[in-house]
Chemist: 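Have a look at this one.
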Amino acid sequence: MPDLAATWTEKLLDVTSAFSRARTAHEVGAVAVALGVEALGASTSVLALRSRDGAHLELIASAGLAEEERQQFARLSLEVRHPGTDALREGRPIFLETQAETSARYGQAEEAKPSSPHREGSCIAVPILSGDRAIGFLGFGFRAFVPLPGAQRSFALALAAQGTQALERARLLDAEQQARRRLKVLVDAAEAFSAPSLSMAAVLDAIARKVTAAAGDASVLRLLTPDGAWLEPKAWWANDPAARRELGRAVAGERESTLSGLAAGHLRAGEALLIPAVDEQVLARVSEPLRGWMVRHGLHTLIMVPLQLKGRCIGMLSVGRLQPHEPYTDEDRMLVEGLAARGAAAIEKTRLYEEVVRSQRLFEGIAEASPDVLYLYDLRRRRNVFVSQSVEQVLGRSPRDIGALSEGFMTLVHPEDLARLVQEQRRFSAVADGDMLEHQYRMRHADGSYRWVRSRDRIFSRTPTGEVELVLGVVRDVSEQVRAAQEREELLAREQQARREAETASRAKDEFLAMLGHELRNPLSPMITALDLMRLRGGDAFGRERTIIERQVQHLVRLVDDLLDISRITRGKVELKRRALELGDAVSAAIEMASPLLETRRHRLEVEVPRRGLVVEGDPDRLAQVVANLLTNAAKYTEPGGVVSVRAAREGGEAVVRVRDSGMGIPPDLLPHVFDLFVQGHRALDRSQGGLGLGLAIVRSMVEMHGGRVSADSSGSGRGSEFVVRLPAARVTSLTPALPPRPPVAPLGLVRARRVLVVDDNQDAADALVEALSTQGHLATVAYDGPSGLEAAARARPEVAFLDIGLPVMDGYELARRLREVLGSGVKLVALTGYGQDRDRALSRAAGFDEHLVKPVELDQIMAVVSALGRAAIEASGAASP
Ligand code: ADP
């Protein structure tokens with residue numbers, strides 16, 4: 001039947017060309033069913049394919065079916081027995097031509113459902129294969145049982161085969177289109193997320209909307225809390241406005257634990273979770289009210305994807321579909337993952353952007369609020385890139401003015417400071433990025449004056465080659481500080497100068513006092529000697545006058561002694577000769593010293609001092625001087641016929657001496673100052689009470705040098721005064737007196753005549769001494785300077801020579817050395833000097849002196865030296881006593 005064959009071949013060609021035009025599965029299906037029905041003369045046709053999840057068959061195209069029938073085919077279970085499902089299951093075509101065949105396969109008809117095979121007519125069902133797998137079927141129904149000849153069968157098979165190919169092509173095409181669509185969605189998304197002006201909230205919102213639009217019906221975006229414990233909803237979207245409103249309420253305040261939430265495990269692993277079908281189990285892990293929302297709105301499939309940045313999770317994106325949409329597939333998951341990746345990048349970018357904006361605002365805020373000028377300086381181009389507003393206050397110029405300066409700040413630096421500043425800036429090439437460089441220099445204000453500023457600079461940026469590019473700095477106006485510091489320095493310098501001058505003046509005064517003391521002492525020595533002589537020579541002539549002179553000379557000696565003491569004290573040159581002593585002895589010595597005045601003024605003296613048992617460590621002479629000064633004052637400042645008392649006792653660890661008088665007392669305003677140097681109370685114009693205002697100053701210094709204290713008290717004018725000296729008492733309570741017996745002085749007339757030389761430039765002193773010696777029977781020679789002294793010595797060959805130290809032309813030391821050369825050891829050399837310190841004694845010893853006598857020298861001392869010479873000579877000669 002060539003014709004018949006040709007007809008079928010033609011029909012097949014039509015099919016082929018029709019299929020080639022079909023682009024989707026539905027178009028392929030429509031071609032297949034339409035051409036099949038027409039070519040085969042069938043009344044109905046169905047093309048059904050397995051659903052994506054493979055659980056049932058879905059109707060792709062049909063012909064000749066009533067609406068109700070189409071509904072039944074829309075989702076056909078694979079379990080239903082039907083030629084189509086059978087063909088699919090068995091993987092081969094099924095042709096049913098007769099009632100018998102049909103009944104044999106499916107039993108008796110009960111119901112004439114379209115999906116039921118018991119329809120009154122033949123039927124063809126051909127499986128559609130993809131590779132070896134049957135993915136659907138193409139079926140045809142006939143109105144009656146008619147024979148299905150071979151050509152018809154072959155055509156049906158060929159149609160199915162071509163349909164399969166066309167489907168495959170459509171599927172590929174579809175996949176490609178979908179991929180393209182996905183790509184477009186992703187590109188669009190990336191663009192939408194990164195609009196430059198978007199705030200973080202807007203970005204999150206855009207992500208939720210975009211994901212919903214691209215892949216579902218509703219979505220929720222959650223971000224991880226900083227502690228990483230929770231996922232908090234930040235944005236959500238649902239296509240349906242009502243559902244959206246409700247979703248907003250459902251997620252408000254909701255948060256999901258990263259440990260136990262639905263996607264917790266996947267989140268940790270950084271993987272997406274795809275739930276094709278949301279079932280009870282899934283719902284059980286969602287908390288209310290979100291669960292209620294899911295149930296109410298029929299959310300049946302879900303994808304949850306972690307939002308990740310460089311492997312770190314920052315949140316989660318969930319998207320779901322509502323009934324009756326398709327369950328999610330891996331392709332959907334991949335799309336959502338793509339969106340999530342772009343979303344995460346957009347979130348991070350926005351976060352960084354917001355951070356930059358925030359720190360820029362912070363910087364601007366600081367720069368504006370600070371009185372200091374903040375700036376960025378381009379070191380290479382020597383320009384200010386940024387200068388804060390406060391430059392107006394400091395330099396009187398706007399930031400714009402500064403920016404316009406050709407060298408920036410540098411133009412305004414004082415010419416004297418510029419070279420140093422540039423030099424210092426060179427150090428930038430050597431410093432590390434964090435290091436701070438400080439400079440202080442002057443800058444010109446707009447008003448022409450210069451301001452001192454201090455700048456602190458650090459490197460802000462470098463070029464790619466590591467060269468310093470920008471320097472960030474702060475400039476502070478320190479003019480006030482600099483001025484204050486300069487003033488301070490000037491003041492300090494002035495004060496130091498004044499102090500130096502005062503010290504010099506004070507030293508000059510001290511030296512003057514010392515010199516004055518010595519100069520006064522010199523004339524005193526011959527006067528004392530002369531008085532001694534007068535006394536020795538006896539005779540009552542001028543007895544009264546002599547006594548007056550003696551008393552006045554004694555007074556002068558005391559004044560000079562005080563003067564010398566105080567000058568020593570102020571120069572720190574007092575040396576105490578400390579030893580354990582009975583305070584009673586010091587007090588007796590003091591009473592002896594003060595008694596002439598006490599007697600003269602007819603005071604009654606009361607003494608309550610233990611002779612023994614009150615021991616202190618101290619210098620006996622100095623302690624006697626302390627008490628004597630107090631007694632003298634008591635005598636002086638008490639009207640004649642008064643009462644003066646001295647008491648001593650141990651009080652606790654102290655030996656206490658109290659000197660009281662019944663005199664004029666001390667006014668309260670004077671009391672705190674009586675121990676100060678040169679302080680004196682008001683006195684009569686004639687200065688009958690005498691004194692230099694030194695006595696109590698000496699008392700206080702001496703007592704303090706002994707580790708003690710002294711205080712004065714007076715109940716007021718005319719009510720007497722009391723002075724209390726407190727000294728640390730020694731542990732020992734008594735001393736056995738072991739004073740060496742004084743060497744017996746040879747009685748007058750029994751001395752052996754000696755050859756004596758006296759050299760002193762104070763002629764009166766020298767002459768008086770020579771006379772005194774002569775009176776004693778000695779052969780005395782005098783000279784008034786060193787050279788004549790040497791001459792005289794050569795002539796007279798003295799056995800003993802008294803030499804003043806402060807001689808003109810040749811001093812006493814030199815003279816002593818020469819005499820020693822000329823006379824050898826046969827002469828005894830005695831120094832007469834106003835200086836009695838250890839150092840002075842050492843000096844005279846070194847010059848060859850045998851003895852050192854301190855002026856004013858009593859005649860007794862001179863005579864003792866001369867007679868000791870005799871004894872030494874007798875002892876040396878081994879002769880019997882004279
Ligand atoms: P001077 O006696 O040489 O003036 P002092 O230093 O010894 O110096 O004494 C200082 C002053 O303290 C005296 O001028 C006197 O006014 C007052 N003063 C000292 N002792 C007594 C005293 N016992 N009674 C009253 N006034 C005294």
Side-chain angles (χ1 to χ4, degrees), residues 509-510 513 516-517 520 551-552 554-570 574 587 590-591 593-607 622-648 656-705 708-726:
K509 185 201 72 194
D510 289 347
L513 284 180
L516 185 67
L520 289 175
R551 211 172 35 239
Q552 295 306 319
Q554 279 312 320
H555 184 59
L556 258 179
V557 167
R558 267 200 310 279
L559 290 178
V560 170
D561 280 349
D562 279 359
L563 205 57
L564 283 172
D565 271 345
I566 214 69
S567 92
R568 275 191 217 108
I569 287 170
T570 50
V574 177
V587 175
I591 291 173
M593 287 152 89
S595 50
L597 190 61
L598 287 163
E599 275 164 28
T600 315
R601 291 179 75 83
R602 301 189 315 279
H603 293 314
R604 194 175 68 201
L605 178 68
E606 294 173 359
V607 182
R622 291 310 194 173
L623 290 180
Q625 184 185 4
V626 163
V627 180
N629 279 4
L630 295 178
L631 284 172
T632 309
N633 276 353
K636 264 199 316 194
Y637 299 109
T638 301
E639 286 298 306
V643 183
V644 174
S645 71
V646 52
R647 295 186 167 77
V656 181
V657 183
R658 293 167 194 274
V659 176
R660 264 202 79 88
D661 62 56
S662 60
M664 57 195 278
I666 304 171
D669 56 333
L670 181 65
L671 201 54
H673 307 292
V674 283
F675 292 102
D676 294 348
L677 204 51
F678 307 125
V679 166
Q680 296 189 310
H682 180 75
R683 58 198 57 217
L685 268 181
D686 64 354
R687 299 190 54 87
S688 57
Q689 284 142 337
L692 298 171
L694 303 178
L696 289 182
I698 293 173
V699 165
R700 185 172 61 183
S701 300
M702 293 300 169
V703 170
E704 285 176 357
M705 283 174 77
R709 291 166 291 144
V710 59
S711 59
D713 198 10
S714 173
S715 326
S717 202
R719 305 179 67 177
S721 317
E722 183 180 46
F723 287 81
V724 183
V725 173
R726 294 169 184 279

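Here the structure is a predicted model, which means the values were calculated and not measured. We count ligands from 1, going down the list as the structure has it; atoms in each ligand are counted the same way.
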Chemist: Contact between Gly665 and ligand 1, counting heavy atoms under 4.0 Å?
Modeler: yes

Chemist: Would you check whether Leu692 has a nitrogen or oxygen atom less than 3.5 angstrom from a nitrogen or oxygen atom of ligand 1?
Modeler: yes

Chemist: Is a donor from one side chain sitting under 3.5 angstrom from an acceptor on the other, for Gln625 and Asp565?
Modeler: yes

Chemist: Asn629 and side-chain contact (heavy atoms from CB on, under 4.5 Å): which partner among Val699, Leu696, Leu694?
Modeler: Val699

Chemist: Out of all atoms in ligand 1, which are within 4.0 Å of some heavy atom of Leu670? Include the element for each.
Modeler: 16 (O)

Chemist: So, the side chain of Ser567 versus the backbone of Leu513: is there a donor-acceptor pair under 3.5 Å, distance only?
Modeler: no

Chemist: Side chain of Asp661, backbone of Ser721: donor and acceptor closer than 3.5 Å?
Modeler: yes

Chemist: Could you tell me if any non-hydrogen atom of Phe723 lies under 4.0 Å from any atom of ligand 1?
Modeler: yes

Chemist: Say whether Val679, considering both its backbone and side-chain N or O atoms, lies within less than 3.5 Å of an N or O atom on ligand 1.
Modeler: no

Chemist: Taking N or O atoms only and a 3.5 Å limit, does Gly693 qualify as a polar contact for ligand 1?
Modeler: yes

Chemist: Could you tell me whether the side chain of His603 and the main chain of Val643 form a donor-acceptor pair under 3.5 Å?
Modeler: no

Chemist: Could you tell me if Ser645 and Arg647 have a donor-acceptor pair between their side chains, going purely by distance under 3.5 Å?
Modeler: yes

Chemist: List every atom of ligand 1 that sits less than 4.0 Å from any heavy atom of Lys636, numbering the atoms from 1 in the order shown and giving each element.
Modeler: 1 (P), 2 (O), 3 (O)

Chemist: So, Arg601 side chain and Ala635 main chain: donor-acceptor pair closer than 3.5 Å or not?
Modeler: yes

Chemist: Of the side chain and backbone of Asn629, name the one, both, or neither that has a heavy atom under 4.0 Å from an atom of ligand 1.
Modeler: neither

Chemist: Give the contacting part of Leu696 toward ligand 1: side chain, backbone, both or neither, where contact means a heavy-atom distance below 4.0 Å.
Modeler: both

Chemist: Show me which atoms of ligand 1 lie under 4.0 Å from any heavy atom of Gly695.
Modeler: 5 (P), 6 (O), 7 (O)

Chemist: Under 4.0 Å from a heavy atom of Leu694: give me the atoms of ligand 1 that qualify, with their elements.
Modeler: 6 (O), 8 (O)

Chemist: Between Thr638 and ligand 1, find which residue part has any heavy-atom pair under 4.0 Å and reply side chain, backbone, both or neither.
Modeler: neither

Chemist: Does Ser662 reach the main-chain N or O of Gly720 with its side chain, forming a donor-acceptor pair under 3.5 Å?
Modeler: no

